**Q** 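Shown below is the structure under consideration.
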2 protein chains.
Amino acid sequence: MTKRAQNADADIGLNDMLCFAVYSANHAFNRVYRPLLNELGLTYPQYLVMVLLWEADGQRVGDLGARLSLESNTLTPLLKRLEALGHIGRVRDAADERQVRVTLTPQGAALREKARDIPRCILEASGLTLDDLVRLKTEIASVRDALERHASAQ
Amino acid sequence: MTKRAQNADADIGLNDMLCFAVYSANHAFNRVYRPLLNELGLTYPQYLVMVLLWEADGQRVGDLGARLSLESNTLTPLLKRLEALGHIGRVRDAADERQVRVTLTPQGAALREKARDIPRCILEASGLTLDDLVRLKTEIASVRDALERHASAQ
DNA sequence: CGTAATTAGATCGTACACGATGAAATCGTG
DNA sequence: CACGATTTCATCGTGTACGATCTAATTACG
């Protein structure tokens, strides 16, 4: 508020912007996750894919993309890296050769145990109660859905 | 909750994660901003830098980085692109040659007019009232600050 | 004063993210 | 059955992010 004096008109500043709060919170989450995920040898987007596969194994590239709002241009290289690390396999579906099924290797399934206490670490780092975290998550997801509806309607 | 049945144990899924709500909301903001910023020929991070310079011209690279939580490895190439576009100038400070001052060109200052109604478009797309947006922004910024305190304390 | 430590940016390599495009498989309709 | 449209994934180019390292300028202190 000291610096805003230089700014004679009514435009909003960076700290007034919801998008910047989200952008910088996303960066902050990454910085908290990084040391935890380094233990597993995963990046944050790779971890999200593993979480999805731990939920349900054998999903198609497109299924993963639908959940993450990512397309094959991002997912294909990421999945190839997870495959090179030995965590997943990628096989074309015999019934429809266009589709690629992503499956956990035993190593990828086992990694879940090492990741088990990450959510607790994150909850602790956030300084929130579990109830507040759930409430905030729901609010943010609701705004995200509104933005996505607006974006797909042009 | 239908698919969770496949998942016999108590691990959390993607939709339970606050970090994913933030991650995907950030993507959704980008998708809403993209067509608006295409009109200006800016990317979203470039727009954030311009917002900072419209707040206060002549900041150092490090000042911008402190506000955005970015370092010179990210900012230097980004600023060079803004310079190539003719929106800013980058000059070494005569009093301390280590520092680089970033200043708006007349063209960069004028771009502010074309950006003026972006915040209103975003507010509309979010589906929130201004009061709810401010409240949510404050909550998210508070979590971000808690995460950053946790990250810098290792 | 002189040199070690610190600071500010820049550079490099790796990994997302995404628009645009390509290629192969499948589907739909005549 | 045939052929154009659609679906699915892959590829390419550009632009963030970020750890690690480098260089030059300044500061600190003996």
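Per chain, numbering begins at 1; letters A, B, ... match sequence-line order. These numbers come from a predicted model, not from an experiment.
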**Q** Would you indicate what B:Arg81 reaches in the nucleic acid, counting non-hydrogen atoms under 4.0 angstrom: base, sugar-phosphate, or nothing?
**A** base

**Q** For DNA chain D, which nucleotides open and close the run of contacts to chain A, 5' to 3', at under 4.0 angstrom from a non-hydrogen atom?
**A** D:dT7 to D:dG19

**Q** Does the pair A:Val22 and A:Val143 meet the rule for a side-chain contact (heavy atoms from CB on, under 4.5 Å), with working shown?
**A** CA-CA 11 Å; A:Val22 169; A:Val143 172; over 6 Å; no

**Q** For residues 125-133 of chain B, which side-chain N or O atoms pair as donor and acceptor with protein atoms under 3.5 Å away, sequence neighbours left out?
**A**
from, atom 1, to, atom 2, distance (Å)
B:Ser126, OG, B:Leu123, O, 2.7
B:Ser126, OG, B:Leu128, N, 3.2
B:Thr129, OG1, B:Asp132, N, 3.0

**Q** Could you tell me which residues satisfy salt bridge (charged side-chain N to carboxylate O under 4.0 Å, His left out) with B:Glu139, sequence neighbours excluded, listed by chain and number?
**A** A:Arg135, B:Arg135

**Q** Any idea which heavy atoms bring A:Arg31 and B:Ala151 closest together, and the distance?
**A** CB-CB, 4.2 Å

**Q** Quick one: closest heavy-atom pair of A:Phe20 and B:Arg67, and the distance?
**A** CZ-O, 3.3 Å

**Q** Got a sec, which residues hit side-chain hydrogen bond (donor to acceptor under 3.5 Å, both in side chains) with B:Asp93, two or more places apart in sequence or on another chain?
**A** B:Arg101

**Q** So which of residues 18-28 of chain B are in contact with DNA chain D, with a heavy-atom cut-off of under 4.0 Å?
**A** none

**Q** Using nucleotides 7-12 of chain C, report all nitrogen or oxygen pairs with the protein that are shorter than 3.5 Å.
**A**
from, atom 1, to, atom 2, distance (Å)
C:dT7, O2, B:Arg98, NH1, 3.2
C:dG9, OP1, B:Val61, N, 3.4
C:dG9, OP1, B:Val100, N, 3.3
C:dG9, OP2, B:Gly62, N, 2.9
C:dA10, OP1, B:Arg90, NH2, 2.7
C:dA10, OP2, B:Thr76, OG1, 2.4
C:dA10, N7, B:Ser72, OG, 2.6
C:dT11, OP2, B:Lys80, NZ, 2.7

**Q** Can you list everything that forms a salt bridge (charged side-chain N to carboxylate O under 4.0 Å, His left out) with A:Arg34? Sequence neighbours excluded, please.
**A** none

**Q** Excluding sequence neighbours, so at least two apart, what forms salt bridge (charged side-chain N to carboxylate O under 4.0 Å, His left out) with A:Glu113?
**A** A:Arg116

**Q** Sequence neighbours excluded and cut-off under 3.5 Å, please list the side-chain donor-acceptor pairs for residues 74-91 of chain A, or say none.
**A**
from, atom 1, to, atom 2, distance (Å)
A:Thr76, OG1, A:Ser72, O, 3.0
A:Glu83, OE1, A:Arg90, NH1, 3.1
A:His87, ND1, A:Gln107, OE1, 3.1

**Q** Under the rule for side-chain hydrogen bond (donor to acceptor under 3.5 Å, both in side chains), what residues qualify as partners of B:Asp96, not counting sequence neighbours?
**A** B:Arg98

**Q** What residues, two or more places apart in sequence or in another chain, satisfy side-chain hydrogen bond (donor to acceptor under 3.5 Å, both in side chains) together with B:Asp63?
**A** B:Arg60

**Q** In residues 36-53 of chain B, what residues come within less than 4.0 Å of DNA chain C, judged by heavy atoms?
**A** none

**Q** May I ask you to check whether B:Phe29 and A:Tyr23 place their ring centers less than 6.0 Å from one another?
**A** no

